[in-house]
Peer 1: 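This is the structure I want to talk about, given as structure tokens.
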Amino acid sequence: MPETSEHSAAAGHRFDTVVIANRGEIAVRIQRACRELGLKTVAICSEADREAPYGSTADSFLCIGPSSAAKSYLNQDAILLAARLAGAGAIHPGYGFLSENAAFADAVEKAGLIFIGPTASSIAIMGDKISAKRAMMAAGVPCVPGPDTALPDDPATIERIALEIGYPVIIKAAGGGGGRGMRVVPKADLLHEAIALTREEARKAFGSPSLYMEKFLEHPRHIEIQVICDDHGNAVWLGHRDCSMQRRHQKVVEEAPAAGIAPDIIQPVGLACVQACLQIGYRGVGTFEFLYEDGAFYFIEMNTRLQVEHPVTEMTSGVDIVRAQIGVAQGHVLDLTQGDVTCEGHSFECRINAEDSDSFLPSAGVVTHLALPAGPGIRVDTHIHAGYKVSPYYDSLIAKLIVHAPTRAEAMARMREALAGTEVEGISTNIPFLRALFEDGPFAQGETDIHYLEQWLKLRRAA
Ligand code: MV4
């Protein structure tokens, strides 16, 4: 009997078992989504995570290597072997680890499995920040002023580019991103030295000396747009988030929508993101990162993964982003259109980290007591429980506290209440710091930029 496309070509898209190639709260989040979709789950762990609670709720649980992430969560062969042993048809990479590794996405597909994420080629295009910028400019997405090509070697040409952009400029590595491999140049006499230093750092850190130059924006906000796309030419954007509240490129509080952005300002930007996705044949979830300054948006990078802060968009849009992400990976037509997307109310997320509230140094140990808040408009994404041992090997994120309420002011009040009802003992956490931040006046007014938190901390330390 001839196979229909449903059963042959699309057969490659179908799977009934998913390896969750991650740990912590996101492993829990993905496992729940899989179960709701009737999919079997394979949890993997390193030796440090053998006691992880999501191990016992998965259909299988495999220890794939030692505690060091390089030998476990980043070990591509071990993860592919786990998938084969468990008879899985797909791998969900979560965030971090292998989630934006084009070679891994390619290896997964070559092993006959589905990578729950974009194609290896999309990941590679966005991983190179110059090719990402070129793709976005070609699609009509507004970008930071500066060429979408690598800096040449000729000093005179470089000087001309900087003068054309206008000082201050910023030198960025094509292989960088997320704050790595960049240097601000305030004036012309510092240009060549800055380029030489950044080039050497880029060569060492990313294996590529390729650099580009942009206008340096001095007081922007960090606003991002969430998209989801299927393999059938459908793409939608799910509104925007403000992630300006960060310290050393680590986000601390995120919110949706970004405060004070008029719909007619953001609408064309969202549509341009959707257009860009269609133009590059993007499939999966993705985030367009923008700097927003003086009423204008400037694209900087695209993240090709599910992000830590996806819940604030889930709360406002009502879309289960992880469920939709798995659906499009199965080859399904996106079950929502742009007209279906209506964002309501306001959502905040606090990242609760196992770290000292003042020094920000990581804190490992056993959680001796845990109380989590609950009630209308409160959500907690976590993998920890009383008795849980926080290991020193990984990221310090132990829980995400998420609230939703009709207005921004009500959502802030709800977060204050939720933080008051959160108790973690046995280890240090940043909860005291988060409580203080939610009492801050300018933050309550929505008057913050990417530098606000670090300035606030400096003032608090001086006081
Ligand atoms: C910039 C910028 C100002 N002007 N680019 C840092 C992370 C990386 N995604 C890009 N980053 C920046 N790029 C231009 N042309 C300022 C930053 C920046 C930043 C951006 C977003 C969130 C926090 C930040 C903290 C410091 C610098």
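Both ligands and their constituent atoms are indexed starting at 1 by order of listing.
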Peer 1: Considering only residues two or more places apart or on different chains, which pairs with a residue in residues 304-316 satisfy salt bridge (charged side-chain N to carboxylate O under 4.0 Å, His left out)?
Peer 2: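 Those involving residues 304-316 are R29-E314, E100-R305, K251-E309, E309-R351, E314-R379.
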Peer 1: Look only at the side chain of H451 and the backbone of E218, and say whether a donor-acceptor pair between them is shorter than 3.5 Å.
Peer 2: yes
Peer 1: Indicate every side-chain donor-acceptor pair of residues 407-416 with a distance under 3.5 Å to a residue at least two apart or in another chain.
Peer 2:
unit_1 : atom_1 : unit_2 : atom_2 : d
T407   : OG1    : E410   : N      : 3.1
T407   : OG1    : E410   : OE1    : 2.6
R408   : NE     : E255   : OE1    : 2.7
R408   : NH1    : F443   : O      : 3.1
R408   : NH1    : A444   : O      : 2.9
R408   : NH2    : E255   : OE2    : 3.0
R408   : NH2    : F443   : O      : 3.1
E410   : OE1    : T407   : N      : 3.2
R414   : NE     : P376   : O      : 3.4
R414   : NH1    : H404   : O      : 2.9
R416   : NE     : F438   : O      : 2.8
R416   : NH2    : F438   : O      : 3.3

Peer 1: Looking at E417, I want to see if its CD is surrounded by more than 12 non-hydrogen atoms of other residues, nucleotides or ligands under 6.0 Å.
Peer 2: no
Peer 1: Are F290 and Y298 side-chain neighbours, meaning at least one heavy-atom pair lies under 4.5 Å?
Peer 2: no
Peer 1: Who pairs with E164 by side chain to side chain contact (heavy atoms under 4.5 Å, CB included), at least two apart in sequence or on another chain?
Peer 2: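 Here the qualifying residues are R160.
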Peer 1: Write none if no such pair exists; otherwise list each N/O atom of ligand 1 with its protein N/O partner under 3.5 Å and the distance.
Peer 2:
unit_1   : atom_1 : unit_2 : atom_2 : d
ligand 1 : 4 (N)  : L217   : N      : 3.0
ligand 1 : 5 (N)  : K172   : NZ     : 2.8
ligand 1 : 9 (N)  : E301   : OE2    : 2.9
ligand 1 : 13 (N) : K172   : NZ     : 3.1
ligand 1 : 15 (N) : E214   : OE1    : 3.0
ligand 1 : 15 (N) : K215   : O      : 2.7

